[in-house]
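Just so it is clear, the model here is predicted, and its values are computed rather than measured. This chain uses plain numbering: 1 for the first residue, then up along the sequence.
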Amino acid sequence: MKTLKNKIENGTARIGVIGLGYVGLPLAMAFARRGHPVAGFDIDARRVRRLCRGESYIPDVPSSELRESIHAGRFSAAVRFDGLSACDAVIICVPTPLRKTKEPDVSFILDSAKAVAPRLKRGMLVVLESTSYPGTTRELVLPIFESRGLKAGKDFHLAFSPERVDPANKAYGVHNTPKVVGGITPACTKVSALLYGRVAQKVVPVSNTETAEMAKLLENTFRAVNIGLVNEMALICHRLGLDVWEIIEAASTKPFGFMPFYPGPGLGGHCIPVDPQYLAWKMRTMNFEPRFIDLAGVINASMPEHAVSRMAGILNEDGKALKGSRILVLGMAYKPEVTDVRESPSFDVLKLLLERGAKVEYHDPYVPQVEFEGRPMRSVALTPAALRAADVVAVLTAHRKVDYPFVARHARRIFDARNALKGLRGRIVRL
Ligand SMILES: NC(=O)c1ccc[n+]([C@@H]2O[C@H](COP(=O)([O-])OP(=O)(O)OC[C@H]3O[C@@H](n4cnc5c(N)ncnc54)[C@H](O)[C@@H]3O)[C@@H](O)[C@H]2O)c1
């Protein structure tokens, strides 16, 4: 413990990061920036090759920074896990998706733990960052390590620290987002707090791993439920003939007790639609029905259908049907200014439109091509001709890069699911 403490404090602790994606790569860079030697591991050979060439695939990590770290000998990437043995601390940042049955898929966590276990040595610290249900670190990861005959809190340290990365957020990054940490034992909490203190301005130690796991699920369930609430408000306002966006703006002037959330064509991203389901699954194993999570899930899942029915309404006014109409979708990424399309509701809308016989194209400055139901689709250029050719232009993701006054000038009809064309004139219908 003393050696690890010293190594952390003097910046020589070697950090291993397993999973070099949206979470792992920025974290690896943050430790490298503080002078730590960082060894990255990923099973995706293509990603590792790109990293070794100094090419970043994560927009928040500039390639120049990656190259600098490699040249300074502070970062390396590998597909083989042998280098883990030389690490003093190992941080696991692998995906935690859902299975088709909506059950948690913790196989990536288990695979990573199994890669660490044979290389676990006395004094090592292992931290899990992947979002999962309360109990994951203690019930799934700890036994894999303790089967090696070492004891957590004494021979090695194990903790959970939820990742809070918000891709494309220019204001908050690793250094200024407080980091919650909870260990298997108080000693584990202490040493992991010390580690994160190297890269985060504020560390928030909590009682145990379960508390840290649950804190993350509260944060993301809070968002999912509030988005569900505001989506229901959008459905209500539509029936009442009221403008939900103006209402949110008015309510937001209250200086206390209100926080704005915005409606949209559905929930997207790797976290908000997925994480609450981890908690829901866990609670069902304990015979508890998580009603808020389920209700928000039902409302949020109904939004793509609502968006499509609003587009059908616009076409109907023009004496047209969805079948055979041309729809130009603006935005395939799940949120503005990112290249990530995971769980993007644009796919759900696209699917519904195609099922109803519409001819759909898309434009997204961040997503040059996507794979949709096994076939590739390419982003079309945003030209006056492309805008005029569409019976409806549907704004599904409000990228700031898109020239909305230009869209408003040339499109015949616009369905704006994000209030991106606020204040602009044109034949615009808002969600
Ligand atoms: N992306 C976000 O905004 C975000 C925010 C907060 C929390 N999280 C959570 O962080 C975790 C990681 O998410 P992400 O967005 O970075 O995922 P990602 O898909 O961007 O990256 C994960 C990486 O792990 C690699 N990987 C998978 N299995 C592996 C294994 N056994 N060994 C080594 N590498 C392996 C993958 O190849 C991939 O490169 C998830 O639990 C997620 O819920 C993500």
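- To the nearest 0.5 Å, atoms CD1 (Ile248) and CE (Met233) are separated by 9.5 Å.
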Practice item. Go through Arg342 and Tyr22 one step at a time and tell me if the side chain to side chain contact (heavy atoms under 4.5 Å, CB included) criterion holds. Key: CA-CA 12 Å; Arg342 287 180 292 179; Tyr22 286 89; 3.1 Å; yes
Exercise for review: Might you work through the salt bridge (charged side-chain N to carboxylate O under 4.0 Å, His left out) test for Glu337 and Lys170, ending with a clear yes or no?
Suggested key: CA-CA 11 Å; Glu337 272 55 65; Lys170 299 274 177 246; over 6 Å; no
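- Across all their heavy atoms, Val360 and Met377 have their closest contact at O-CE, 3.7 Å.
- Looking at every heavy atom in both residues, Gly197 comes nearest to Val203 through N-CG2, 3.6 Å.
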Exercise for review: Apply side chain to side chain contact (heavy atoms under 4.5 Å, CB included) to Asp364 and Val370, showing your working.
Suggested key: CA-CA 10 Å; Asp364 190 314; Val370 290; over 6 Å; no
Practice item. Could you give me the CA-CA distance, side-chain angles and deciding distance for Ile227 and Asn231, then say whether side chain to side chain contact (heavy atoms under 4.5 Å, CB included) is met? Key: CA-CA 6 Å; Ile227 293 169; Asn231 275 334; 3.6 Å; yes
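- Using the six-membered ring where Trp is involved, Trp281 and Tyr133 have ring planes that are tilted, between 30° and 60° apart.
- Side-chain atoms of Glu163 and Thr131, non-hydrogen and from C-beta on, never get closer than 4.5 Å to each other.
- The aromatic rings of Phe31 and His36 stand perpendicular to each other, their planes meeting at an angle above 60°, with 30° marking the opposite boundary.
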Going by atom type alone, with no hydrogens or angles, which donor-acceptor pairs under 3.5 Å involve a side-chain atom of residues 402-409 and a protein atom two or more places apart or on another chain?
residue : atom : partner : partner atom : Å
Asp403  : OD1  : Phe406  : N            : 3.2
Tyr404  : OH   : His399  : N            : 3.2
Tyr404  : OH   : His399  : O            : 2.8

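- Annotation: Phe292, atom CZ; neighbour count of heavy atoms from other residues, nucleotides and ligands within 6.0 Å does not exceed 12.
- The shortest non-hydrogen separation linking Arg430 to Phe415 is C-CE1, 4.3 Å.
- Contact between Phe160 and Pro162 at its shortest, heavy atoms only, is CE2-N, 3.6 Å.
- Between Asp318 and Arg427 there is a salt bridge, with a side-chain nitrogen of the basic residue lying less than 4.0 Å from a carboxylate oxygen of the acidic one.
- In terms of heavy-atom proximity, Pro376 sits nearest to Gln369 at CB-NE2, 4.2 Å.
- The minimum heavy-atom distance between Val94 and Gly19, with the atom names listed, is CG1-CA, 4.2 Å.
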Exercise for review: Assess whether salt bridge (charged side-chain N to carboxylate O under 4.0 Å, His left out) is satisfied between Lys351 and Glu355, documenting all intermediate values.
Suggested key: CA-CA 6 Å; Lys351 186 168 191 287; Glu355 275 169 11; 3.0 Å; yes
Check your understanding: What's the verdict on side chain to side chain contact (heavy atoms under 4.5 Å, CB included) for Tyr362 and Val367, showing C-alpha distance, side-chain angles and the deciding distance?
Key -> CA-CA 10 Å; Tyr362 85 91; Val367 186; 4.0 Å; yes
